[in-house]
2 protein chains.
Amino acid sequence: MPAMPNWNAYAAQCPTRVVLDRIADKWTVLILGLLGQQPRRFNALLREIEGLSQKMLSQTLKRLERDGLVRRTVFATTPVTVEYALTPLGETLAESLATLIRWAEDNIEAVQAAQRMFDAKTGADARPA
Amino acid sequence: MPAMPNWNAYAAQCPTRVVLDRIADKWTVLILGLLGQQPRRFNALLREIEGLSQKMLSQTLKRLERDGLVRRTVFATTPVTVEYALTPLGETLAESLATLIRWAEDNIEAVQAAQRMFDAKTGADARPA
DNA sequence: CAGCATCCTTGTCGATACTG
DNA sequence: CAGTATCGACAAGGATGCTG
């Protein structure tokens, strides 16, 4: 990859795919959505995101930290307190992701209607799990 | 879910999760990105998205069609021609997703830099596959 | 050209138990 | 509180071969 490249997510080996892989993750979207409001502690995130296991939270946070999207701060209280917050870079992404969450909330009914139509026409359950 | 609900993606059973599940898919983002430019045929998509298998393309397109985001049109040529295009609903989502692709292209270098920093500090390979 | 059906390998993810 | 470690079930997804 040259110095001033045309990054192209459609090329298999293009590094922009790593960003898509990060975004293309339900938990990432939800976590960054919350951190976009305000910093949170580990267990706060765990409580606020239903269905999220502690393993996935831990794993996802570590990846987000590695990608420079989230900053992890440890406070030497007893017991120890850890706060997660967006980095400036993370904030720019969180804004775009917030748009997606809003889109979902605004258009879920249209999507559900389309699904009912489709299922009725195909007569059967082409429905995924 | 009531008639005028506060859809909340943070609730496990909230239907907005289905939209997130759709978005939370690398191929969805890339496919809708292309269809946002112009309609394409099946094999055109297959060729333009490197690393995408025919199985995943087929599967993803069917889901997108079911969700009312993509319209599938069959032309009775021989051999048969099939065109995929965004629905009006799909276009509104594709715009948001295009933002993400642009974000990835604009910020990939910052992300990579953060990764190098992180890997250097942790001394080792916390890197995922 | 535009797919579907099958096999089979890999990875994802939840559950559980334990640590500083 | 904030995690790590391990196991096992499940499903995603690639490869291959076949169809209208």
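Not measured: the values here are computed from a predicted model.
The interatomic distance linking A:L64 (CG) with D:dG3 (P) rounds to 13 Å, in whole Å. Distance A:E83 CD to D:dA2 C1': 14 Å, rounded to the nearest Å. Protein atom CZ of B:F75 is 13 Å distant from nucleotide atom P of C:dG3, rounded to whole Å. In this entry the distance linking CD of B:E65 with P of C:dC4 reads 10 Å, nearest Å. Rounded to whole Å, the distance from CG on B:D21 to C1' on C:dT12 is 14 Å. When the P atom of D:dA2 is taken as reference, atom CZ of A:R72 falls 10 Å away, rounded to whole Å. Summarising the geometry, the separation between CG on A:L61 and P on D:dC1 is reported as 16 Å, rounded to the nearest angstrom. When the P atom of D:dC1 is taken as reference, atom OH of A:Y84 falls 14 Å away, rounded to whole Å.
For B:T92, the side-chain hydrogen bond (donor to acceptor under 3.5 Å, both in side chains) partners two or more places apart in sequence, or in a different chain, are A:W103. Taking the salt bridge (charged side-chain N to carboxylate O under 4.0 Å, His left out) definition, one finds that A:D21 meets it with B:K26, sequence neighbours left out. The side-chain hydrogen bond (donor to acceptor under 3.5 Å, both in side chains) check on A:Q59 picks up A:R63, with sequence neighbours excluded. Residues meeting the side chain to side chain contact (heavy atoms under 4.5 Å, CB included) test with A:R72, sequence neighbours left out: A:E65, A:V74, A:V82, A:Y84. Residues passing the side-chain hydrogen bond (donor to acceptor under 3.5 Å, both in side chains) test with B:T60, sequence neighbours excluded: none. The side-chain hydrogen bond (donor to acceptor under 3.5 Å, both in side chains) search around B:T73 returns none, not counting sequence neighbours. Looking at residues two or more places apart in sequence or on another chain, you find a side chain to side chain contact (heavy atoms under 4.5 Å, CB included) between A:E91 and A:L86. Residues meeting the side chain to side chain contact (heavy atoms under 4.5 Å, CB included) test with B:T87, sequence neighbours left out: B:R71, B:L89.
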Which atom pairs link the protein and nucleotides 13-16 of chain D when you take only N or O atoms and keep those under 3.5 Å?
{"from": "D:dG13", "atom 1": "N7", "to": "B:K55", "atom 2": "NZ", "distance (Å)": "2.8"}
{"from": "D:dG14", "atom 1": "OP2", "to": "B:S53", "atom 2": "OG", "distance (Å)": "2.7"}
{"from": "D:dG14", "atom 1": "O6", "to": "B:K55", "atom 2": "NZ", "distance (Å)": "2.6"}

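Between D:dT4 and A:S58, a contact under 4.0 Å exists linking OP1 or OP2 to a side-chain N or O.
Separation of atoms CG (A:L20) and CG (B:L100) is listed at 8.0 Å; rounding is to 0.5 Å. The distance from the CE atom of A:M117 to the OG1 atom of A:T122 is 11.0 Å, given to the nearest 0.5 Å.
Annotation: proximity of residues 40-48 of chain B to DNA chain C (heavy atom, distance under 4.0 Å) is found for B:R41, B:F42, B:N43, numbered in ascending order.
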Anything under 3.5 Å between a donor and an acceptor, one on a side chain of residues 35-51 of chain B, the other on a protein residue two or more places apart or in another chain? List them.
{"from": "B:Q37", "atom 1": "OE1", "to": "B:R40", "atom 2": "NH2", "distance (Å)": "2.5"}
{"from": "B:R40", "atom 1": "NE", "to": "B:Q38", "atom 2": "O", "distance (Å)": "3.4"}
{"from": "B:R40", "atom 1": "NH1", "to": "B:E48", "atom 2": "OE1", "distance (Å)": "2.5"}
{"from": "B:R40", "atom 1": "NH1", "to": "B:E48", "atom 2": "OE2", "distance (Å)": "2.6"}
{"from": "B:R40", "atom 1": "NH2", "to": "B:L34", "atom 2": "O", "distance (Å)": "3.4"}
{"from": "B:E50", "atom 1": "OE1", "to": "A:A12", "atom 2": "N", "distance (Å)": "3.0"}

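One axis for each end of the helix from C:dC1-D:dG20 to C:dG20-D:dC1, each built from five base pairs, and the angle between them comes to 50° at 10° resolution.
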